[in-house]
Amino acid sequence: MNVQLARYLARFDELPGYVDFARVGPISHDVAMTLVEAARLSRGEQVVEVLSARAEAVRAGAALFLGAAPHEVGFATSTSHALFATAAAFRPCATGEGGNEGDEGVVLVRRGEFPANVYPWLRFQDRGGLRVRWIDAPRVTPENVAAHLTPDVRALTVSAVDALTGHRPPLGALKEVLGPDRVLVVDAIQGLGAVPLELEAADVLASGGQKWLRAGWGAALLLVRDRVAHLLFPGLGGWPGVRDPLAADDHPREPLDGADAHAMTNPDYPAVSSLGTALDLVTAVGVETIAAKIADTLGALLDTARAAGAEIPHDELIPAERGGIACLRLPGHDPVDVHAALAKAGLATTLRGRWIRLSPHATTPSQAVDRLAEGLRTARRP
């Protein structure tokens with residue numbers, strides 16, 4: 001084990017059977033101390049100035065992490081908030097933007113996307129936003145995106161890692177199919193900080209910090225690259241997203257440049273500080289190192305599941321096509337009973353319909369594999 005990974009692992013102490021990071025990631029000691037420090041600062045003078053300065057430092061670090069300019073990175077309260085801001089940002093077509101002038105245009109959405117990446121588009125299609133066109137396919141590929149492209153398509157929204165199957169679509173190839181005049185929107189919460197992602201392909205990216213980044217709730221990243229800024233407008237942008245909002249009464253004021261134009265309100269500054277601490281931890285050890293450890297543990301869990309006769313959807317995925325997520329079920333056994341047996345064995349998982357989701361992290365110890373084997377044995381007993 002390399003030194004950086006050992007130092008990273010030492011920052012956490014979740015229960016050994018916890019394999020539910022696709023739901024929420026327990027925070028590190030460092031993030032906990034950041035929150036304590038933010039609470040202490042809130043009792044002092046100039047708290048807003050101090051915490052907003054920290055937020056600017058977090059912005060700079062996040063920009064390096066995402067391969068972006070600082071002004072291309074902003075903060076929202078959650079992934080859903082960032083996606084709603086994105087859905088609200090598409091204005092009717094202008095000449096040269098594709099489709100007929102004045103038309104809303106179309107966004108491609110895979111049927112089966114996680115609801116957080118569905119409802120923003122559904123809500124705004126009834127309010128002058130893009131019309132949803134469904135992709136009926138088990139996963140998003142360049143081929144099925146190309147098959148749905150027509151002149152009125154203005155965007156594709158996709159999860160960087162599917163929340164149920166763990167499929168990781170090829171973002172670079174998807175952007176190549178879309179071309180420069182269509183927007184690739186990426187919901188990255190199930191992959192950011194856990195697996196390498198083709199971040200440069202994302203025109204817009206939304207990711208909260210409470211899952212794989214392990215930063216807790218309250219802050220999310222919103223990336224809006226300059227190359228698509230002319231295709232968007234600040235649909236949810238509030239007073240913090242304009243220039244000199246308190247300087248005069250002649251509203252509306254001019255929007256800020258970059259992602260901040262889409263800010264509805266000031267961020268939760270303590271949460272932003274925590275997000276920065278979490279990003280620093282990931283940067284220190286490296287995403288590739290974290291991803292390799294996750295892949296090893298997930299592989300061991302899936303080997304155990306197969307040996308017990310479990311069915312695994314999309315089991316053919318190679319490591320480069322999978323994030324840290326997989327699902328299983330025991331044919332002939334009630335998934336509710338199987339889930340309960342795993343819980344009794346000390347394994348924390350998520351039950352999603354017929355499927356039980358496994359999502360370990362780099363910190364997940366080998367005992368989790370033993371607990372899975374024990375729980376599946378119990379579930380299979382007559």
Side-chain angles (χ1 to χ4, degrees), residues 2-15 18 20-44 46-68 70 72-79 81-82 188-197 199 205-223 259-260 263 266-291 293-294 324 361-364:
N2 65 45
V3 174
Q4 290 84 0
L5 179 58
R7 289 174 177 168
Y8 177 81
L9 298 181
R11 311 316 301 161
F12 303 91
D13 60 359
E14 71 270 9
L15 296 174
Y18 192 85
D20 207 10
F21 288 88
R23 189 175 190 187
V24 62
I27 64 175
S28 65
H29 302 301
D30 304 68
V31 167
M33 290 307 299
T34 297
L35 289 169
V36 170
E37 176 64 10
R40 186 189 66 80
L41 287 172
S42 70
R43 300 168 60 189
Q46 296 185 315
V47 57
V48 174
E49 289 78 7
V50 172
L51 289 177
S52 62
R54 168 62 174 155
E56 289 307 307
V58 174
R59 186 199 304 270
L64 287 174
F65 191 85
L66 297 172
E72 294 179 309
V73 179
F75 303 110
T77 58
S78 65
T79 307
H81 175 185
I189 194 170
Q190 292 292 9
L192 197 66
V195 292
L197 300 174
L199 296 173
L205 180 145
S207 181
Q210 77 271 22
K211 297 183 187 289
W212 301 91
L213 287 173
R214 309 181 68 163
W217 282 274
L221 296 173
L222 173 61
L223 167 69
D260 277 350
N266 284 324
D268 180 333
Y269 286 121
V272 168
S273 291
S274 297
L275 181 57
T277 297
L279 285 168
D280 289 345
L281 282 175
V282 173
T283 300
V285 67
V287 172
E288 292 79 7
T289 299
I290 291 172
K293 190 72 166 60
I294 290 172
H361 208 286
T363 55
T364 303

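Nothing here was measured: the structure is a model prediction, and the numbers come from that model.
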| query | Do you know the tightest heavy-atom contact between Val48 and Tyr269? | reply | CG1-CE1, 4.5 Å
| query | With no hydrogens and no angle check, is any side-chain donor or acceptor of Glu72 less than 3.5 Å from a backbone partner on Ala63? | reply | no
| Spacing of NE2 belonging to His361 relative to NZ belonging to Lys211, to within rounding of 0.5 Å | 12.5 Å
| message | Ignoring hydrogens, what is the shortest heavy-atom contact between Leu279 and Leu213? Give both atom names and the distance. | response | CD2-CD2, 4.0 Å
| Steps toward side chain to side chain contact (heavy atoms under 4.5 Å, CB included) verdict (Glu14, Phe21) | CA-CA 11 Å; Glu14 71 270 9; Phe21 288 88; 3.6 Å; yes
| said: Measuring only between side-chain heavy atoms, which start at C-beta, is Val282 closer than 4.5 Å to Phe65? | reply: yes
| field | Heavy-atom closest pair, residues Gly324 and Ile294 | value | CA-CG2, 3.7 Å
| query | Pro70 and Arg59: which non-hydrogen atoms are nearest, and at how many Å? | reply | O-CD, 3.2 Å
| field | Any Thr364 side-chain heavy atom under 4.5 Å of Lys293 side chain | value | no
| said: Rounded to the nearest 0.5 Å, what separates atom CG in Leu222 from atom OG1 in Thr79? | reply: 10.5 Å
| Would you call Glu37 and Arg54 a salt bridge, taking side-chain N to carboxylate O under 4.0 Å as the test? | no
| Hey, are Gln4 and Thr289 close enough side-chain-wise for a donor-acceptor pair under 3.5 Å? | no
| said: For the CZ atom of Arg214 and the CG atom of Asp30, what is their distance to the nearest 0.5 Å? | reply: 11.0 Å
| field | Minimal non-hydrogen separation, Leu197 against Leu192, with atom names | value | CD1-N, 3.8 Å
| message | If you apply the rule side chain to side chain contact (heavy atoms under 4.5 Å, CB included), what do you find for Tyr8 with Thr363, and how did you get there? | response | CA-CA 8 Å; Tyr8 177 81; Thr363 55; 4.3 Å; yes
| request: Check step by step if side chain to side chain contact (heavy atoms under 4.5 Å, CB included) holds for Leu221 and Phe75. | output: CA-CA 5 Å; Leu221 296 173; Phe75 303 110; 3.9 Å; yes
| Can you list the steps and then say if Ser274 with Ile27 is a side chain to side chain contact (heavy atoms under 4.5 Å, CB included)? | CA-CA 9 Å; Ser274 297; Ile27 64 175; over 6 Å; no
| task | Could you grab the distance from atom CG of Asn2 to atom CZ of Arg7, nearest 0.5 Å is fine? | result | 10.0 Å
| request: Report yes if the side chains of His29 and Asp13 come closer than 4.5 Å at any heavy-atom pair, otherwise no. | output: yes
| remark: For Ala38 and Pro270, the nearest pair of non-hydrogen atoms, with its separation, is CB-CB, 3.6 Å
